[in-house]
Structures are given as C-alpha cells and as structure tokens.
Amino acid sequence: MLLHRVRGCFFLFEAVVVLFQIPPSLKHLKIHLSSRHCQTSESSLSEATFVNLSSPTCLSRTTAAPGAMADPWQRAYDFAVEVARKAGAEIRKAGESEIRVMTKSSTVDLVTKTDERVEKIIIDSLKEEFGNDTYGFIGEESVAKGIPCILTDKPTWIIDPVDGTTNFVHGFPFVAVSIAFAVKKRLEFGVVYSCLEDKMYKARRGKGAFCDDERIQVSDVKDIHKSIIISEHGTDRSPEKVTKIFSTMQRILCIPVHGLRGSGTAATNMCLVACGAVEAFFEIGIHCWDIAAGAVIVTEAGGMLLDVDGGPFDLMSRRMVSANNEVIANRIIKEIEIFPAERDDAVIKK
Amino acid sequence: MNDPWQECMEHCVEVTKQAGKMIREALQKDIAVMHKSSAVDLVTETDQRVEQLIISSVKAKFPTHSFIGEESVAAGAPSVLTDDPTWIIDPIDGTTNFVHRFPFVSVSIGFTVKKEIEFGVVYSCMEDKMYTARKGKGAFCNGVPIKVSGQEDISRSLVLTEVGFKKDSEQFATMMANIKTILTIPVHGIRSPGSAAINMCLVACGSADAYFHMGIHCWDMAGGAAIVTEAGGVIMDISGGPFDLMSRRLIVASSRAVAERIAAQVTEFGVGRDDADGS
C-alpha cells in the first residue's frame, strides 16, 4: 500500500484510520488523497493574471498594485452579471414551451429562436446602458448572419447567448450564457451563467474567480492518472475529424485517467475546470464566443490556457486546452491529434 | 387494496435522504481514495459507510429481507437474486465523480420481490433531486411527475453512455467503435455524466433520449429501472431482447424505436453476469 502526501497538507492520521477499516478482501490497495479544500501556498490567487491575446508569448501574469485606483470596467462587469441573469431567465422560460429547432452548418449544428432573441436582448441591453457605438460586439448569432468576427483594440463584448443549444433543446442540465469583455484585445472580465443550475460564474482580471459568492479554484492534482478530462465530439461529423477525435479520446483513456466527461457546453466545461471538478478541458472546433469568458474564469481560478500544440492560447484559433496546471496540460497535449479548423477571424473569400 | 410494499418504499426514501446527507457532508472534507479491480475502479470509505447505514437501517425494520450491495459484494457477499424481498443497493453511484466533486453523484436503491422490481429510488445528492417510482404508480422527481421525451427519431436524439479504460484491448476498441457508430448516425449528441443511475433518470425525465451501457452492475440499474418504465420509457437488453437485471448491460430509451435502433447498431462484447459463479 502506498500513502501519497498531498502538497501542503498531511493526512496520515486519517489514512491510518481508513486502513484499519478496510475489509481483507480488498487486495492491492493503493491509497491516495483527494483534497479540494487544501489552500496551497503556490496558488496564484494573490496575483493578478490576464490573458493577453495579442502577445505571441501570451498568458503573461502581472501583479496588481495593492490599493489600486477605481476599476474603469467595474460598472460594465456588474452590468454583465445582471444581463446574464436576465438572459438566463429568458432561456428557462423558453425551455418550458415547445422549441422549434433549426440547423446551421449541419443537421446537428442547432440553433433556435431563443438563441437569436437572447442575443438581441443582451446586445440591446448593453447598447441602452452604454450607448450604441461605445463598444464593439462579437455575438454568435450576429456572426452567423454575416457580421465579421474581428477583434480590434476597441472595448468589445464577446457573447454566446446560449452555449449548449443542443442541451437546451433537450432539457439536458447544462445551458450557459457566456459574456466576456476585451479591451485592446486583452480580456478584462468574463461571466458564465449556468442558467438551469442557477450558478453564476464570474471573474474580473486580478480579482479571482467566483461561483455565486464563493471563491473557486482549480484542483491541485498533478498526476494525470488521477484526473478527469473533458472533451466534446462537437457538431462536425465529417469522418476524418471524427476519427481524430476518437483517436485522441482513446489515447487519453489509455493513459489511464480517472475518467472522460462532457457537459455539452464549452463555457460550462471551463467553469468545471475552474472550480476543480475536472482537471482539464480541450477541444478543437469551438469559437471565441464559447471560451472568452471561461478563459478569464479559469486563469483567475489559478488555471491556465494553451493552444493544442502547446503554444500560446489564441482566442481566435478555434482550439484550446484549459487546465489546472502545466503538468496536466502538457500531458494531454501529447495525446491530441490535431485537425484543421478555420479561424474565427479568417477573412471570408467570396 | 393496501400496497404491501408502501412502508418499505417510504423507509427507502427516508434512508436514502440520510445517505445523501452523509455523502454531502463527506464532500466538505478530504476524501481518501482506494482502488478495487484497477486504477480507475475507485472506492472510498464513504461508499462503505453509506452502505452500512442503509443495510443496518433496513435490517432493523425488515429483518427477513435480503440485500445485494456493491460494497458487500466487493467484500465477498453473494450477488444472487432470489424470490426474497431484496434491496439492491449502490451507496455511491459515481464514486469517481464523488472524489472529484463532479456534479453527478447518486444513491441508488431498487427493491425486488420474486425477482420483479417493485420500486426504485435514486437520489442525485449534489443536485438534491430525489427520483422515485412505484410499479404502476408513475415516476417522480422531488414529488413532480416526470415522463420520457417520447422521441422516436434516433437522428434527433441525445444519447448517454460511459467510456472507461478497459484492460481487454478488443473490448475497449469495440466500446469506442460503438460510440462512434451511434454518434455518426448522426445523433444530436453523446454525453457521459458518469453515473448510471442518474443517466437512467435523465432519460426518465426527458433530458436525454437513450442510455446504453455494457459492463455495469445490477446495483447500478435496479433503482433506475422502475423510474424509466414508470415514466413511459423502454428498458431492454443490449441485444434488443428482454431486460435482464443480472446481465450487466442495458438500453433505456424514450421509445421502442430509439432503443431498437441502438440495439441494431451496437456490437456486443462479453461482460459476464452479476450472478455468475466467481464473478
């Protein structure tokens, strides 16, 4: 039997108690300790972190000066939380009646009137509060209608009105409103409202990540064999992509890991990393609006983001690994079979 | 007529609530994790304590009844279903989720008499959702009636299944190939919540349209089986034949059409039986 010491915490007494209660028929026991409430001294909660999207060496971290000036984006942040909650209520109400389902790029890429209506509610609310032209907007349904998806230096809202439309159509428990805000291409805050669970995840750069009023942090697991990994099959069923997705899943399962899960929404998956329920989430094929808010929440919870090839995270690249730490992230990256996905900011050639 | 098993069911709901409370308390502390058959087959002290709580509470009130409990079987108790009134217990379905605090962790109890399932209770403790069903009396979540989606079109279905590492590489390859086959029908999506009992309840309340799995146990299925059928759903063997509680495999679905389509697409592999000698 092996006893593993959890970083910063010591549970020998508890483990010994457990040892003597083990029935004799349980052979080949290995004991390790799962700690979710051990505050580690290595956590970066006291540091400000930000995701710099324009820097090739992105994910630089800086320290915010204590007693800093009033936050210029506080009002926008607070309003985003309000708007997300309002949008979530709208989604819940819509879920009580019959939902007419349409499709976008394929028969499994679903969209509903609720997606479109909720995006309009969010954008109209933001315009009413802050003015029509003060800020830019990147919204999933607006982009679907032809509005370009280009991030400039202008303060910009990045919106997914209903992340997990398939789940919404079916009443599967994970449906999220995702709202992020970027200034000079740097993400300032992110809000993800998991509306069927009524959980508000939020993070302001430099101020930590929260679920409702409780501070959240990533798990401290460094051993890949003790991890749960999330990935999704996505909505592209083309054979080459499906083959690579399954091959990657197979390789990860055979490490082995504790398990492979999928909630059906990228924003929720990132929050599950941020609150320590899973160690990593990766996907190729997602969009900037799916991950922008989650990116802030994960980093403010002490986690990190990388590209699937191990390079710096790129919001417009359609791919990402988010993880509790570099050890887990790099181990997963070794197994990912990459396939191409057109960038969100690719210029559409007519 | 008075329901002869009403009192049992009421006691079952009560003891399940107590079990759920014990699990939620354990989630606030650190969890020592042990392994059973492999590095990915986890068990904790809470699994064992919860099972002891349930069995001792039921024995005190119904001393002649029999038990099949996951942790008792792991400790050497037989796993054979007789005609006796029998409580089939999974104290923590989703132990891996429990260890990680992933949101789907349940207590599952099914009650059989003469090998027929009379009622089932599944408590999703982190969501605080109590699913119950008495044969002939409908299925409920927190007292509110639930029913399956009624979906008959596989291409509009959300399907649940679970993936896990298997030492047998051929079985592992077949498991993955099955999921790929179903995904590319195509269906709307595949999800893996991580608890068989909760998966059955998600089908029962219409949040998913089907769940299929080979390799689970009777204690994973007994609680959910009545809940699905009383919600208007279908339960069958992975081959399309009649459901067999000890077979270690099942399909549950919103309709016969969806269930049969899955049965037609899936390649079987041997998983043994819960009531086989030496299993």
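Keep in mind that what you see is a predicted model, and the values were worked out from it rather than measured. Proteins come first, then strands; the chains are lettered A, B, ... in the order of their sequence lines, and each starts at number 1.
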- Of all heavy-atom pairs between A/A277 and B/F102, which one has the smallest distance, and what is that distance? CB-CA, 4.0 Å
- Message: Counting heavy-atom pairs under 4.5 Å with chain A, which one of B/S38, B/G194, B/A208, B/C205 comes out on top?
- Response: B/G194
- Could you tell me which of A/C254, A/G259, A/S263 has the largest number of non-hydrogen atom pairs under 4.5 Å with chain B? A/C254
- Toward chain B, the part of A/P239 with a non-hydrogen atom under 4.5 Å: neither
- Query: Taking atom NZ of B/K147 as the centre, does the number of heavy atoms from other residues, nucleotides or ligands within less than 6.0 Å exceed 12?
  - Reply: no
- Task: State, yes or no, whether a side-chain contact exists between B/H100 and A/E279 at a heavy-atom distance under 4.5 Å.
- Result: yes
- Message: Working note: B/I179 + A/M249, criterion side-chain contact (heavy atoms from CB on, under 4.5 Å); need CA distance, chi angles, decisive distance, verdict.
- Response: CA-CA 11 Å; B/I179 297 170; A/M249 285 185 172; over 6 Å; no
- Taking A/R237 for its side chain and B/I185 for its backbone only, find out whether a donor-acceptor pair lies under 3.5 Å. no
- Taking B/N97, B/T184, B/T44, B/I190 one by one, which has the highest count of heavy-atom pairs under 4.5 Å against chain A? B/N97
- Message: Which atoms of B/L202 are under 4.5 Å from chain A, going by heavy atoms: the side chain, the backbone, both sets, or neither?
- Response: side chain
- Item | Spatial distance of atom NE2 (B/H188) from atom OG1 (A/T165) [nearest 0.5 Å] | 11.0 Å
- Query: Using non-hydrogen atoms only, which part of B/S157 is less than 4.5 Å away from chain A: side chain, backbone, both, or neither?
  - Reply: backbone
- Query: So do the side chains of B/K180 and A/T243 get within less than 4.5 Å of each other, counting heavy atoms only?
  - Reply: yes
- Query: Which bit of A/T235 comes within less than 4.5 Å of chain B, counting heavy atoms only: side chain, backbone, both or neither?
  - Reply: neither
- Task: Compare every heavy atom of B/F172 with every heavy atom of A/Q250, then report the nearest pair and how far apart it is.
- Result: CG-CE2, 3.0 Å
- Query: Measuring heavy-atom distances to chain A, does B/Q151 have an atom under 4.5 Å in its side chain, in its backbone, in both, or in neither?
  - Reply: neither
- Beyond-backbone contact of A/H233 with B/R191, side-chain heavy atoms, under 4.5 angstrom: no
- Where does the angle between the aromatic ring planes of B/F104 and A/F172 fall among parallel (under 30°), tilted (30 to 60°) and perpendicular (over 60°)? tilted
- Tell me, side chain or backbone of B/S149 under 4.5 Å from chain A's heavy atoms, or both, or neither? neither
- Relative to chain A, which segment of B/P103 carries a heavy atom at a distance below 4.5 Å: side chain, backbone, both, or neither? side chain
- Message: Nearest 0.5 Å, please: how far is CZ in B/R101 from OG in A/S219?
- Response: 10.5 Å
- Are the side chain of B/S207 and the backbone of A/G171 linked by a donor-acceptor contact shorter than 3.5 Å? yes
- Message: So which atom in B/R156 and which in A/H170 form the shortest heavy-atom distance, rounded to 0.1 Å?
- Response: O-CE1, 3.0 Å
